[in-house]
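Hydrogens, waters and symmetry mates are skipped; everything else that's a heavy atom, side chains included, is used. Naming: A, B, ... by sequence-line order, numbering from 1 per chain.
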Number of protein chains: 2
Amino acid sequence: MLTSQSLAGVLRNSGFKVTPQRLAVYEALANTKSHPNAELLYNELRPKYPSMSFATVYKTVEILNELGLITVLNTGEGSSRYDADVTEHSHIQCSVCGRVDDIGPLSVAKLDEEVTHDTGYEVQGQKFYFYGVCPACKNKA
Amino acid sequence: MLTSQSLAGVLRNSGFKVTPQRLAVYEALANTKSHPNAELLYNELRPKYPSMSFATVYKTVEILNELGLITVLNTGEGSSRYDADVTEHSHIQCSVCGRVDDIGPLSVAKLDEEVTHDTGYEVQGQKFYFYGVCPACKNKA
DNA sequence: CTCTCTGCAAAATTTTTGCACTGCT
DNA sequence: AGCAGTGCAAAAATTTTGCAGAGAG
């Protein structure tokens, strides 16, 4: 999670301009654990930035992702979700209510080695998704 | 991987009708390791089934997925990929050419436990995606 | 002042749906 | 024969793109 100042620095150093919209999109992601998609970001930012557009949301998350400042999640829904937490962690989605929660670092240190040996790929990254029923939905049932 | 006969049985037992299109979609998936998306399936089946439509492809993979006969992959591309191999395994995608390869079962036996303990979810399934450069693309570089 | 960025609208892409016709059982 | 399935076309949903005006450096 970066402060607005350090985000501004990263953008500038990478040749991108620092705009209120870019800071706002990042800040919205940094201040939530709900892993919103583009629509939710748009709806959340609209009140503060009435001119905010989907184009800007999508262009911004693309840049933030390129710069490694956010992660894009594909849980299998129609749309992508975004996460400002780029530290090593995984995600789990409730098959009942659809919420996505974080899973702290798993004991997977040897996996990259295993995968390299198994496939010959030069492994650069990984995304783990778990699916199940969240505690809240379990209690309702 | 089911034979056409056993697939027919599963469909019938589940109240679905056995149609040439359904058998063909499954067979196409069972006979490839390329994890095609809907468009590739459509293009592959078109010559044999000139009337094949995207609607049928999508409706069929939805049923096959419901029945647990195929798996849907979301690597982060625009479209979903489908895999008739439902045994426990993961996938790795080349960040250069986009191909998706299989990874045999990983040493992740304790992960579900770890996740349950960490999140309180009742874990039902998981999907692991690795990203990197495939041997072929490495050699070209 | 320049050049990137924003925001609108239109387009492209992927997936879903409605409905008449086909064909499985 | 009855009813689910197919296939067409249209619609929906998500994401991308073109371009004119706005704003950051």
Side-chain angles (χ1 to χ4, degrees), chain A residues 4-5 7-26 28 35-67 70 72-82 98, chain B residues 4-5 7-28 35-67 69-70 72-82 98:
Chain A
S4 289
Q5 285 83 349
L7 170 59
V10 173
L11 285 170
R12 251 191 298 269
N13 289 342
S14 310
F16 293 106
K17 300 212 163 170
V18 178
T19 68
Q21 290 89 340
R22 285 175 183 169
L23 299 178
V25 168
Y26 181 81
H35 313 92
N37 60 18
E39 188 182 8
L40 289 165
L41 280 173
Y42 174 78
N43 288 336
E44 185 181 335
L45 296 172
R46 208 72 207 290
K48 230 182 186 169
Y49 299 85
S51 70
M52 176 67 63
S53 71
F54 273 102
T56 298
V57 172
Y58 280 114
K59 286 168 183 167
T60 300
V61 293
E62 188 185 353
I63 290 173
L64 294 176
N65 183 46
E66 263 178 46
L67 296 178
I70 65 170
V72 183
L73 307 185
N74 303 101
T75 62
E77 302 161 294
S79 54
S80 296
R81 289 170 175 260
Y82 306 96
Chain B
S4 289
Q5 284 83 348
L7 170 59
V10 174
L11 286 170
R12 250 190 300 270
N13 288 344
S14 310
F16 293 106
K17 297 209 166 169
V18 178
T19 68
Q21 290 90 337
R22 286 175 181 169
L23 299 178
V25 167
Y26 182 82
E27 198 189 2
H35 312 92
N37 59 18
E39 188 182 8
L40 288 165
L41 279 174
Y42 174 78
N43 289 336
E44 185 181 334
L45 297 172
R46 206 76 209 288
K48 230 178 185 172
Y49 299 85
S51 69
M52 174 69 61
S53 71
F54 274 103
T56 298
V57 172
Y58 280 113
K59 286 168 183 169
T60 301
V61 292
E62 188 184 353
I63 290 173
L64 294 176
N65 183 45
E66 261 179 45
L67 296 178
L69 302 178
I70 66 170
V72 182
L73 306 185
N74 302 101
T75 63
E77 303 161 294
S79 54
S80 297
R81 288 170 175 261
Y82 307 96

Exercise. Have a look at B:Ser79 and say if it touches a base, only the backbone sugar-phosphate, or nothing, with a 4.0 Å heavy-atom cut-off.
Key: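 Counting heavy atoms under 4.0 Å across all strands, the contact made by B:Ser79 is with sugar-phosphate only.
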Practice problem: Could you tell me which residues satisfy salt bridge (charged side-chain N to carboxylate O under 4.0 Å, His left out) with A:Glu77, sequence neighbours excluded, listed by chain and number? | Solution: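 Listed in chain order: A:Arg81.
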Taking every non-hydrogen atom, the tightest pair across [X] and [Y]:
X       : Y       : value
A:Leu45 : A:Ala24 : CD2-O, 3.7 Å
A:Ser80 : A:Val72 : CB-CG1, 3.7 Å
A:Leu41 : A:Ala28 : CD2-CB, 3.9 Å

Integer-rounded Å distance: [N] [atom2] and [X] [atom1]:
X       : N      : atom1 : atom2 : result
A:Phe54 : D:dT14 : CZ    : P     : 8 Å
B:Asn74 : C:dT14 : CG    : P     : 14 Å
B:Met52 : D:dT6  : CE    : P     : 8 Å
A:Arg22 : D:dA24 : CZ    : P     : 11 Å
B:Arg81 : C:dT14 : CZ    : P     : 12 Å
A:Glu77 : D:dT15 : CD    : P     : 10 Å

Quiz item: For D:dT6, does either OP1 or OP2 sit under 4.0 Å from a side-chain N or O belonging to B:Ser53?
Solution: no
Quiz item: B:Tyr58 side chain N/O closer than 4.0 Å to the phosphate oxygens (OP1, OP2) of C:dT16?
Solution: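 No, because none of the side-chain N or O atoms of B:Tyr58 sits under 4.0 Å from OP1 or OP2 of C:dT16.
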Qualifying residues under side chain to side chain contact (heavy atoms under 4.5 Å, CB included), relative to [X], sequence neighbours excluded:
X       : answer
A:Leu11 : A:Leu7, A:Phe16, A:Val18, A:Arg22, A:Ile63, A:Leu67
A:Asn43 : A:Glu39
A:Thr56 : A:Gln21, A:Met52, A:Ser53, A:Thr60

Quiz prompt | nucleotides 17-25 of chain C: protein proximity per nucleotide (B base, S sugar-phosphate only, - neither; heavy atom, under 4.0 Å) | solution = BB----BBS
Self-check item: Atom pair CG (A:Leu40) and OH (A:Tyr82), whose distance is rounded to the nearest 0.5 Å
Solution: 11.0 Å
Self-check item: Distance in Å, A:Leu64 CG paired with A:Ile70 CD1, rounded so as to fall on 0.5 Å steps
Solution: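 The CD1 atom of A:Ile70 is 5.0 Å from CG of A:Leu64, to the nearest 0.5 Å.
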Quiz item: Angle, rounded to 10°, between the helical axes spanning five pairs at each terminus of the helix from C:dC1-D:dG25 to C:dT25-D:dA1?
Solution: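 The value is 40°.
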Quiz item: With A:Arg46, which residues qualify under side chain to side chain donor-acceptor pair (under 3.5 Å), at least two apart?
Solution: A:Tyr42
Quiz item: Taking only residues two or more places apart in sequence, or in another chain, which ones meet A:Ser4 in a side chain to side chain donor-acceptor pair (under 3.5 Å)?
Solution: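 Counting only residues at least two positions away or on another chain, A:Ser4 forms no side chain to side chain donor-acceptor pair (under 3.5 Å).
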Practice problem: May I ask you to list the residues of residues 35-51 of chain B, by number, that have any heavy atom positioned under 4.0 Å from an atom of DNA chain C? | Solution: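 The stretch gives none, as no residue of it lies under 4.0 Å from the strand.
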